[in-house]
**Q** 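Here it is, the structure in full.
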Amino acid sequence: MKNPILDLKREIISWVHHLDDLDILTQLIELKSKDKSIPLISEPQSKYAVKDDFDERFAKGMSSAEFRKRIIQHIDSLPWEK
């Protein structure tokens, strides 16, 4: 099944590729700048910035002694064949 939108886009791309009229190209750039639905990739998205709290999370983590204790408990809890 053909997508008519893709066909139109290809036709426009081909037309723009072979276009040498500066006035029409300028109008196309103006039209593009008016279209707010196309986000710019280079825009900073500070609202999505992630807080670097590695040191706080690391300080709340378990100590090496606690880790060893839990590992031993886990190993002891496994169903070993005797």
Side-chain angles (χ1 to χ4, degrees):
M1 179 178 213
K2 281 192 159 191
N3 188 345
I5 292 177
L6 290 177
D7 291 338
L8 288 173
K9 286 181 179 182
R10 286 188 187 110
E11 185 179 334
I12 291 172
I13 289 170
S14 176
W15 173 69
V16 170
H17 181 72
H18 298 342
L19 188 62
D20 291 330
D21 189 347
L22 185 59
D23 291 332
I24 294 176
L25 289 171
T26 305
Q27 290 175 3
L28 287 171
I29 294 296
E30 289 173 4
L31 180 64
K32 179 183 163 244
S33 67
K34 290 178 184 177
D35 187 7
K36 301 297 181 190
S37 67
I38 303 172
L40 296 176
I41 296 174
S42 62
E43 289 181 1
Q45 295 186 3
S46 59
K47 64 181 179 180
Y48 298 110
V50 177
K51 178 184 168 191
D52 183 17
D53 62 343
F54 173 78
D55 294 328
E56 295 171 15
R57 290 185 292 128
F58 187 78
K60 293 178 184 177
M62 70 175 85
S63 66
S64 60
E66 177 68 22
F67 179 71
R68 279 190 221 107
K69 178 181 165 189
R70 288 189 183 190
I71 289 292
I72 292 170
Q73 286 175 347
H74 176 69
I75 292 172
D76 289 341
S77 72
L78 292 174
W80 299 101
E81 292 184 24
K82 294 182 180 182

**Q** Output the distance between atom CD (Gln73) and atom CG (Leu78), rounded to the nearest 0.5 Å.
**A** 12.0 Å
**Q** For Glu11, does the CD atom sit with more than 12 other heavy atoms under 6.0 Å from it, leaving out its own atoms?
**A** no
**Q** Are more than 12 heavy atoms from other residues, nucleotides or ligands located less than 6.0 Å from atom CD1 of Ile5?
**A** no
**Q** Just by modelled atom types, is the Arg10 backbone N or O under 3.5 Å from a matching donor or acceptor in the Ser14 side chain?
**A** no
**Q** Determine, using the 4.5 Å side-chain heavy-atom cutoff (strictly less than), whether Ile71 and Trp80 are members of one ILVMFWY cluster.
**A** yes
**Q** How long is the gap from CG on Leu19 to NE2 on His17, to the nearest 0.5 Å?
**A** 11.0 Å
**Q** Between NE2 of His74 and CZ of Arg70, what distance do you get to the nearest 0.5 Å?
**A** 12.5 Å
**Q** To the closest 0.5 Å, what do you measure between CD (Gln27) and CG (Leu22)?
**A** 10.0 Å
**Q** What's the spacing between Ile72 CD1 and Ser77 OG if we round to 0.5 Å?
**A** 12.0 Å
**Q** Give the intermediate values and the outcome of salt bridge (charged side-chain N to carboxylate O under 4.0 Å, His left out) for residues Glu56 and Lys60.
**A** CA-CA 6 Å; Glu56 295 171 15; Lys60 293 178 184 177; 5.5 Å; no
**Q** Please report the interatomic distance CH2(Trp15) to CD1(Ile24), rounded to the nearest 0.5 Å.
**A** 5.5 Å
